Amino acid sequence: MGIIYHSKSGEFHLFNDEVSYIIIILENGQLGQLYYGERVADRESFGHLLELQARPMAPCTFAGDLAFSMEHIKQEYPSYGHGDMRNPAYEILQKNGSRVSEFVYRGYRIYPGKPVLEGLPATYTEDNCEADTLEIVLQDEVMDTELVLSYTIFKNYAAIARNARFTCQSRNEIILEEAMSASVDLPDRDFEMIELTGAWARERAVKTRRLEHGVQSIYSMRGCSSNNYNPFIALKRPNTDENNGEVYGFSLVYSGNFLAQAEVDTYDVTRVMMGIHPRGFSWTLKEGESFQTPEAVFVYSSKGLNKMSQVYHELYRTRLARGKWRDEVRPILINNWEATYFNFNEDKILTIAEKAKTLGIELFVLDDGWFGKRDDDTSSLGDWYPDLDKLPDGISGIAEKINKLGMKFGLWFEPEMVNKDSDLYRRYPQWLLETPDRQSSHGRNQFVLDFSKSEVVDHIYGMMEKILSEAAVSYVKWDMNRCMTEVYSTGMDAEYQGKVMHRYILGVYDLYDRLTKRFPEVLFESCASGGARFDPGMMYYAPQCWTSDDTDAVERLKIQYGTSMVYPLSSMGAHVSAVPNHQLLRSTPLNTRANVAYFGTFGYELDLNTLTGEEQKEVAEQVAFMKEYRKLIQQGTFYRLVSPFEDNGNVTAWMVVSDDKKEALVGYYRTLQEVNTGYRRLKLRGLDECLSYQVTIKKEITVKDTVTHGGDELMHVGLFVSDASSGENHEKYNGSNGDYQSRLYILKAENM
């Protein structure tokens, strides 16, 4: 690993064992992009990779030189209006009305480790030997503004983290109207773009499209990263699949409005950029003030999509998530939401908890409805004190009673929101985000608090700190159930309004930061109508996230599969819920619901007392199984095997392998029964070709059918997964027939 500066050629080469990234200082002092891809040996100059060619009608920088045109040079952090006609990475409005800028090279700094981004989540190192950082300093002399581009390359990951920082050094203020976190120009357009798209209850579906001329983009302008698009895209070669081929991943460590796009010009150069969405963004900088962009993380793989995802998984699990719960297995929980909704009292809660304890569950989570006078979703958000009609001894009392059962206690909050029927709103109506003289939209009967104001964040912190310090709370579920509309900060001037959306997210981060530092033993789980804010920024504070409000096992196959493109299993909240499912009214077998939910942070969302004795026995076995294998699941290497988004989507398969390759779990899922089908094999990944594995099929409550196969056979020949049904079931279950079936294969190397 290293970063080398070649002074004679003016080139920076960032590299490790897997990737190279090469930058050149151009003749005009701006930065050009020479190469990004698989590791290449260093040399004194890669200047031959700079392609300069005279093109008709191009705006040229130097008199008499028809080849040097910023319109046709691959760049690092491009501007608009000074020769380049493509989309810029930034735009600055100056006092005279000009938006033309020219940042030219002034110096650099290379140092070990990685700096903290103040007030922002970012990847980190624990040892300076883990990464090297390059800072390139550029200056625009006309507006006297400094731009620092930061690059960190990790030793053990084909990952590069980037960000940008602007500092005004002039007495004349400037206005940032756009400031992307990163941009890179790739030399061709032979790519397909992968995005994770969807909506509430069907988040992060994998969508692939061929790049064409023009702009292909995803975005959010909802105030959160959104369940419509995730702040991630990947560019893969057309022949790239899960296990082979070249792919570039781009992920933004941010939880608010974002833009991620690939622009293909008419000379087939592909420009990729991502950062805060410029719409509604306007940031005034006065003398001495700086603006820091969020971090973008680039990952390169020459070994297919699985390898790209595995880099993100390990990096985000171990060097983005922090604190006590980063490396610890997660407790198995039960949440009362789908069991009771708002209709509960202390006796009902304790009845559910008592049954959960007998079945081995470790954590009880009390969801919405415990505070104020909250009997439905029309009131009391913002009133974070217990409803003593439901909980006579308050939160400290119910927590103590749960603890005496031998379980931990968790609690739901939605700290960023308020109902108008609340004491908080009646006292502080000016704390809403709402535009003067305009009607305010509600969502779920609630409104958004103005977290751009420190006094609002301070007040909410005070209420939450009181609850958490007085009660034995071990887990917090942090929800956020609506997007932002009519965004305006009451009492603030016009200049401030362009900062509100970003300042809001900084306020959320500040509250998270203060609470996680005050209560380092508490496990925080983020939630936003399910998966509307499932992003790397949240992982920095809350190492797991409620993946979706859709708890149906069949739909969760797609949701969890798509989420795994970027996010580790340890980040995915996954629960077994009641049937018929509350979102789809679909009934799936209890073992299938568990076989899907195992591949995440496992729990239950139903009233266990309504299950039959046999079902309760099965739940106890599921809990015991998860306790045995959760370290493997949450910390092993994950492979996607069969996609629910390809072919007819009837089959999904994935697996997780231990670091020493001596254990693995394989999940195989079939949605609908087929009749008299052909033979099928499932080729596994990540095993040791030299080891033999005992392969056991887990069936309902017992584990049966152990056979032995070599690792090479399992990967190159595959597991037989042919359907035992030939269409003559005679209404008798034979172990695999019927709709919504699944199998879990347990692999253990012999002589373990």
Side-chain angles (χ1 to χ4, degrees), residues 241-244 304-307 309-310 553-554 557 560-561 564 569 589 591-592 594-596 598-599 625 628-629 632-633 636-700 702-726 733-752:
D241 58 22
E242 289 287 2
N243 305 304
N244 302 283
L305 294 167
N306 266 318
K307 181 62 176 177
S309 297
Q310 289 159 8
V554 174
L557 290 171
Q560 292 173 210
Y561 189 99
S564 76
L569 299 187
N591 73 310
T592 290
N595 287 349
V596 176
Y598 286 140
F599 291 86
F625 178 86
E628 181 178 358
Y629 289 102
L632 166 62
I633 292 168
T637 303
F638 184 71
Y639 292 86
R640 294 178 296 271
L641 302 177
V642 181
S643 172
F645 299 103
E646 296 178 1
D647 299 327
N648 62 5
N650 202 43
V651 171
T652 303
W654 52 47
M655 67 183 292
V656 63
V657 184
S658 64
D659 287 344
D660 62 8
K661 301 188 177 185
K662 292 183 177 180
E663 283 189 291
L665 291 177
V666 180
Y668 181 82
Y669 312 89
R670 191 201 56 235
T671 303
L672 297 179
Q673 174 70 64
E674 298 170 304
V675 176
N676 200 17
T677 57
Y679 299 105
R680 289 177 179 163
R681 297 176 184 176
L682 179 65
K683 292 184 178 181
L684 306 186
R685 306 295 302 180
L687 303 176
D688 189 328
E689 292 193 354
C690 299
L691 291 178
S692 293
Y693 293 87
Q694 293 179 342
V695 182
T696 304
I697 302 176
K698 181 181 181 298
K699 293 185 178 178
E700 295 180 332
T702 59
V703 176
K704 320 176 186 178
D705 301 344
T706 298
V707 294
T708 300
H709 298 287
D712 54 352
E713 177 188 334
L714 290 168
M715 292 191 292
H716 303 311
V717 180
L719 275 176
F720 287 172
V721 291
S722 301
D723 192 345
S725 166
S726 63
Y733 177 74
N734 65 18
S736 65
N737 59 310
D739 294 341
Y740 318 131
Q741 296 301 314
S742 63
R743 297 176 217 158
L744 201 63
Y745 296 87
I746 305 165
L747 279 65
K748 294 191 177 183
E750 289 191 323
N751 303 319
M752 284 187 59

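These numbers were taken from a predicted model, which means no experiment stands behind them.
For Phe645, the CZ atom is densely surrounded, since the number of other residues' heavy atoms within 6.0 Å is greater than 12.
Nearest heavy-atom pair, Gln310 versus Phe638, reported as atom, atom and distance to 0.1 Å: NE2-O, 3.0 Å. Closest approach of Val657 and Gly686 over heavy atoms only: CG1-O, 3.6 Å. Taking every heavy atom of both residues into account, Ala653 and Tyr561 meet most closely at O-CE1, 4.4 Å. Nearest approach of Leu641 to Val666, heavy atoms of both residues: CD1-CG1, 4.3 Å. Looking at every heavy atom in both residues, Gln673 comes nearest to Asp739 through N-OD1, 2.8 Å. Of all the heavy atoms in Lys662 and Asp660, the pair that sits closest is N-OD1, 3.0 Å.
The backbone N or O of Tyr740 lies less than 3.5 Å from a partner atom in the side chain of Thr592, making a donor-acceptor pair. In this structure, the side chain of Asn244 does not engage the main chain of Gly304 through any donor-acceptor pair within 3.5 Å. Of the possible polar contacts, none joining the Glu750 side chain to the Gln694 backbone as a donor-acceptor pair under 3.5 Å is found.
Taking CD of Gln741 as the reference point, atom OG1 of Thr671 lies at 10.5 Å (rounded to 0.5 Å). Rounding to the nearest 0.5 Å places CG of Leu305 at 7.5 Å from CG of Asp241. Interatomic distance, CG of Leu684 versus OH of Tyr745, reported as 9.5 Å (0.5 Å rounding). In this structure, CG on Leu687 lies 4.5 Å from CE on Met655, to the nearest 0.5 angstrom. The distance from atom NZ of Lys683 to atom CG of Leu719, rounded to the nearest 0.5 Å, is 12.5 Å. To the nearest 0.5 angstrom, Leu714 atom CG is 11.5 Å from Asp688 atom CG.
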Check the pair Val651 / Arg680 against side-chain contact (heavy atoms from CB on, under 4.5 Å), numbers first and verdict last.
CA-CA 11 Å; Val651 171; Arg680 289 177 179 163; 4.3 Å; yes
Show the numbers, then the answer: is there a side-chain contact (heavy atoms from CB on, under 4.5 Å) between Asn591 and Ser742?
CA-CA 8 Å; Asn591 73 310; Ser742 63; 4.3 Å; yes
Taking it one step at a time, do Tyr639 and Glu242 satisfy side-chain contact (heavy atoms from CB on, under 4.5 Å)?
CA-CA 8 Å; Tyr639 292 86; Glu242 289 287 2; over 6 Å; no
Begin with the C-alpha distance, continue with both residues' side-chain angles, and end with the deciding distance and a verdict on side-chain contact (heavy atoms from CB on, under 4.5 Å) for Leu744 and Tyr629.
CA-CA 12 Å; Leu744 201 63; Tyr629 289 102; over 6 Å; no
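Salt-bridge check for Glu628 with Lys698: failed, with every basic side-chain N at 4.0 Å or more from each acidic carboxylate O.
Under the 4.5 Å side-chain criterion, counting only non-hydrogen atoms from C-beta, Tyr693 is not in contact with Glu713. A 4.5 Å side-chain heavy-atom check between Ile746 and Phe625 finds at least one atom pair inside the cut-off.
Contacts of Asp659 classified as side-chain contact (heavy atoms from CB on, under 4.5 Å), with partners at least two apart in sequence or in another chain: Thr637.
For the residue pair Asn306 / Arg685, no side-chain donor-acceptor distance below 3.5 Å is found, with atom types taken as modelled.
For the ring-ring contact (aromatic ring centres under 6.0 Å, His included) condition, the pairs that include at least one residue of residues 655-676, sequence neighbours left out, are Trp654-Tyr669.
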